[in-house]
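Just the heavy atoms: all of them, side chains too, but no hydrogens, waters or symmetry mates, feed the values below. Both counts, for ligands and for their atoms, begin at 1 and track the order of listing.
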Amino acid sequence: MAETIVPVPAQWAATAHVDAAAYARLHAQSLADPQAFWAREAGIIDWIRPPSVADASNFNADGFGISWFADGQLNVAANCLDRHLATRANQPAIIWEGDDPGDSRVLSYADLHALTCRIANVLKAQGVRPGDRVILYLPMIPEAAAAMLACARIGAIHAVVFGGFSPEALAGRIQDCGAKIVITADEGLRAGKHVPLKANVDQALEHCPDVAHVLVVRRTGGAVAMQAGRDLYLDELLPRVAATCPPEVMEAESPLFILYTSGSTGKPKGVLHTSGGYLVWAAMTHHYVFDHRPGEVYWCTADIGWVTGHSYGVYGPLANGATSLMFEGVPSHPDHGRFWQIVEKWRVATLYSAPTAIRALMREGEDWVKAHDLSSLRLLGSVGEPINPEAWDWYHRFVGGRRCPIVDTWWQTENGGALITPLPGATALKPGSASLPMFGVEPVLVDGEGRILDGAAQGNLCLARSWPGQMRGIWGEPARFFDAYFSTFPGLYFTGDGCRRDEDGYHWITGRVDDVINVSGHRMGSAEVESALVAHPLVAEAAVVGVAHDLKGQGIYAYVILNAGEEASEALRRELIAWVRREIGPIATPDAIHFAPGLPKTRSGKIMRRILRKIAENDTASLGDTSTLADPTVVEALIDTRPVPA
Ligand code: WTA
C-alpha cells in the first residue's frame with residue numbers, strides 16, 4: 001500500500017517554534033538530561049517558589065510513586081489570569097459562541113479574572129477550603145471555565161461531570177469524591193433543546209445527603225425547583241462579593257482536579273491531577289503542538305467535561321495567554337455549516353477537533369465548508385481516536401485548504417496532555433499516524449509477555465518513564481492506581497492501547513486492547529454498561545463489546561441473557577436501550593441488543609470476549625480456537641440469534 005507523506009510546509013519549517021532539527025535535539029536532551037531539560041521548560045509558567053527538583057518518580061512496586069517539581073509552589077489560576085493582566089487585560093481570553101448563532105459573549109482577561117475571583121469568593125463564603133472537592137455540572141458557558149479557575153485559585157479540587165451524564169452517574173461521582181457543593185446551571189442548551197441540568201442535580205442529590213449547597217448559574221432562565229437553604233442562584237451572590245481574591249499558595253503536588261474516566265473493569269476511576277506538573281505539561285504542549293502565538297483565536301471543540309476541554313480548552317491556552325473559543329452548541333445546528341460559520345465569524349487560526357465530528361461533517365458534503373471563508377485557519381488538530389485516512393484527507397483538503405498541517409495528538413485522561421503527536425514545523429505527516437513522542441516521552445512496545453520490541457513492530461503501547469502531566473493517583477483508591485497501570489508490565493506504564501511502529505519510528509495507534517470501548521472519542525467501560533443492563537429486573541447477565549461503527553468509530557454491542565421464562569421482544573429491546581441511557585447517559589446508548597441464549601465461557605467461568613467481538617462484527621469465519629469453552633455449542637446458538645441489523 002502506497003503511504004502518503006505530507007512534508008512540513010517550508011513556511012512552517014522556517015517560522016515555527018520548533019523545526020525538525022530542534023525537535024530531534026530537544027527530544028534527545030529531554031531523555032538524556034531530564035533535570036536540565038525540565039528546569040528550563042518549567043519556566044513556561046510562573047512559580048511563587050521555583051522548583052529545585054524535577055522528576056522523582058518510580059514505576060516499580062518498591063517505592064512506587066509519581067512526583068514532579070516537588071518543592072515548587074504556584075497558583076494555577078494566577079498563571080492563567082493574573083500574570084496576563086499587565087500585558088493583555090483587554091485581550092479576549094474567552095470568546096463564547098452560543099448554541100444560537102445570534103448569541104455570543106467576549107470576556108477579556110480582566111473580565112475573566114474578575115468573574116473567577118467573584119466565584120472564588122462565593123465558594124469561600126460557602127465554606128469551601130483548600131482540598132475540598134467541588135462538583136461542576138455545567139454547560140459550555142464561560143462560567144464553567146471561571147468555576148474551574150475559581151477552585152484552582154482557592155486550592156479546592158474540581159471534579160467536572162459532563163453535562164450529558166445521567167443523575168445516577170452524577171450521584172456516583174459526587175459520592176465517590178465526597179463533594180459537599182455542586183455548581184450547575186438551570187438548564188443547558190444544545191441544538192435548541194433544553195437540557196434539565198438542575199433537575200438532574202436534584203435527582204442525584206436524593207442519594208447524596210452530604211451536599212449542603214448547590215450554586216445555580218442562570219443560563220436559560222427556565223423555571224427550576226430551588227430548595228431553600230441549599231440552592232442559590234450564582235448571579236445573585238456574585239455582586240455581593242469582591243472582584244478580587246488573593247490566590248492561595250499551592251504546592252506543586254497539591255491536587256488540582258479529579259476527572260472520572262472509564263477503565264476496563266469496575267466503576268469509573270477518579271483520575272487525579274496535581275498542579276505544577278500538570279500545568280507545565282498543558283502549557284508546554286499547547287505552546288509547541290499548536291505552535292501557539294499569543295492573541296490568535298484558538299478553538300478546541302471538546303466539552304469541558306472531558307480532559308481535552310480541561311487541558312486544551314482552559315488550562316493550556318489560558319496559561320499561554322491565548323484567546324480560547326468556547327462553543328456551547330453542536331456542529332449540526334442550525335445547519336451543517338455551523339463549525340465553518342464560527343471559524344469565519346471569529347477568524348479562527350487553530351481548530352482542534354475529533355475524528356467523529358469530522359466524519360459526521362464529511363458525510364454532509366463539502367459544500368457546507370466551501371460556503372465559508374476559512375482563510376484564517378493555519379493549523380488543524382485531531383484527538384480522541386485514530387483518524388481514518390479518508391477523514392484526514394477531507395479535513396486537510398477542504399477545511400485546511402491543503403496548507404494547514406494536522407496535528408493528530410494521541411493521549412489519554414491519565415496523561416494530562418498530548419504524548420505522541422506531530423509538531424507542525426518539525427514533523428512530516430502520515431495520515432492516520434500520531435507520529436512521534438513529545439519531549440520527555442519514551443514510548444515502548446511490548447509483546448504479551450512484556451518483552452520490549454525493537455524497530456518496526458506491533459505490540460502493547462507502554463511508557464518507560466514519567467512525564468510531568470501524568471496522573472498521580474485514583475481518588476480514594478491508592479492501590480488501584482498501581483494495579484491498573486503498572487502491574488501488567490512491571491516497570492512500565494501500560495496505556496491500554498495497541499500500537500504499530502513503522503520503519504520511520506512513527507506510531508500508529510490501533511485502538512484499545514482492553515475492555516474499554518471508544519464511542520465517538522469517549523471512553524466507555526464494558527463493565528459499566530454491563531452493570532447498567534443487569535440492574536434491569538428482567539436481565540440475568542450481560543456482556544458488552546465494541547464493534548466498528550462508521551461515524552462513531554466504535555459502537556456498543558450488548559449481549560443480554562434474560563431471566564428464565566422471560567421473552568425477548570422489540571419492546572424490551574427498546575426498553576433496555578432507554579434504560580442504559582437513563583442509567584449512564586446518551587453516550588452509552590447500545591447500538592445493538594443481542595438476546596443471547598448463553599455466553600461463551602471458559603471452564604473457569606471467564607467470558608471469551610474475543611469470540612463475542614467476532615460474532616458482533618459478523619466475522620464468524622475466523623472464530624479461532626473454541627475448544628477451551630465450557631460449552632462450545634453456545635457459539636452456533638449465538639450466531640443463529642444475531643439480531644438483524646437495523
Ligand atoms: C484514544 C482523550 C488514536 C486511545 C484525550 C486512548 C486516540 C483513548 C487518539 C483516551 C489519537 C485518543 N489516535 N487514538 N490521536 N487520542 N485516542 O481518556 O485509545 O478520553 O487510550 O482521552 O482515546 O481517551 P480519553
Asks: Give the numbers and elements of all ligand 1 atoms closer than 4.0 Å to a heavy atom of D408.
Replies: 11 (C), 13 (N), 15 (N)
Asks: Is there any N or O on Q412 that sits under 3.5 Å from an N or O of ligand 1?
Replies: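 It does: an N or O of Q412 is found under 3.5 Å from an N or O of ligand 1.
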Asks: Examine the side chains of Y485 and E414 and answer whether a donor and an acceptor come within less than 3.5 Å of each other.
Replies: yes
Asks: Heavy-atom contacts under 4.0 Å between A434 and ligand 1: side chain, backbone, both, or neither?
Replies: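 It is neither part, as no heavy atom is under 4.0 Å.
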Asks: Would you kindly specify which portion of N518 sits under 4.0 Å from ligand 1, judged on non-hydrogen atoms: side chain, backbone, both or neither?
Replies: side chain
Asks: Out of all atoms in ligand 1, which are within 4.0 Å of some heavy atom of I509? Include the element for each.
Replies: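 Close to I509: 3 (C), 14 (N).
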Asks: Using 30° and 60° as the class limits, which term best fits the ring planes of H286 and Y298: parallel, tilted or perpendicular?
Replies: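 If you compare the ring of H286 with that of Y298, the planes turn out perpendicular.
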Asks: Would R523 count as being in polar contact with ligand 1, using the rule that some N or O on each side must be under 3.5 angstrom apart?
Replies: yes
Asks: With no hydrogens and no angle check, is any side-chain donor or acceptor of R363 less than 3.5 Å from a backbone partner on R359?
Replies: no
Asks: Over 60° means perpendicular and under 30° means parallel, so classify the ring planes of Y315 and H310, tilted if in between.
Replies: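 Ring orientation of H310 relative to Y315: tilted.
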Asks: Check K269 with E477, please: is the shortest side-chain N to carboxylate O separation under 4.0 Å?
Replies: no
Asks: Taking only non-hydrogen atoms of G511, do any sit less than 4.0 angstrom from ligand 1?
Replies: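 In this structure, G511 fails to qualify as a contact of ligand 1 - no heavy atom is under 4.0 Å.
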Asks: For ligand 1, find out whether one of its N or O atoms is nearer than 3.5 Å to an N or O atom of T261.
Replies: no
Asks: Can you tell which of F439, W467, W68 makes a ring-ring contact (aromatic ring centres under 6.0 Å, His included) with W38?
Replies: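 For W38, the ring-ring contact (aromatic ring centres under 6.0 Å, His included) check succeeds only for W68.
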Asks: Evaluating non-hydrogen atoms only, which member of W306, W411, Y312 is closest to atom 10 (C) of ligand 1?
Replies: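 Comparing heavy atoms across W306, W411, Y312, the nearest one to atom 10 (C) of ligand 1 lies in W411.
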Asks: Given salt bridge (charged side-chain N to carboxylate O under 4.0 Å, His left out), test K430 with D504 step by step and report yes or no.
Replies: CA-CA 11 Å; K430 297 188 184 186; D504 298 322; 2.6 Å; yes
Asks: Starting from atom 1 (C) of ligand 1, which protein heavy atom do you reach first, and at what distance in Å?
Replies: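 So the nearest neighbour among protein heavy atoms is G384 O, 3.2 Å.
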Asks: Do W410 and D497 get their side chains close enough for a donor-acceptor pair, meaning under 3.5 Å?
Replies: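 Yes, D497 and W410 have a side-chain donor paired with an acceptor closer than 3.5 Å.
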Asks: What atoms in ligand 1 come closer than 4.0 Å to a heavy atom of T413?
Replies: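 Contacts of ligand 1 toward T413, numbered from 1: 18 (O), 20 (O), 22 (O), 25 (P).
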Asks: Is ligand 1 under 4.0 Å from a heavy atom in the side chain of E385, in the backbone, in both, or in neither?
Replies: backbone
Asks: Going through the distances and angles, do I358 and I387 end up as a side-chain contact (heavy atoms from CB on, under 4.5 Å)?
Replies: CA-CA 9 Å; I358 296 159; I387 181 164; 4.1 Å; yes
Asks: Does any N or O in the side chain of R472 come within less than 3.5 Å of the main-chain N or O of P255, such that one atom is a donor and the other an acceptor?
Replies: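 Such a contact is absent between R472 side chain and P255 backbone.
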Asks: Which protein non-hydrogen atom lies closest to atom 3 (C) of ligand 1, naming both residue and atom, and how far is it?
Replies: P386 N, 3.0 Å
Asks: So is T308 polar-close to ligand 1, meaning N/O to N/O under 3.5 Å?
Replies: no
Asks: For atom 21 (O) of ligand 1, find the nearest protein heavy atom and state the residue, atom name and distance (0.1 Å precision).
Replies: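 Minimum-distance protein heavy atom for atom 21 (O) of ligand 1 reads D497 OD2, 2.6 Å.
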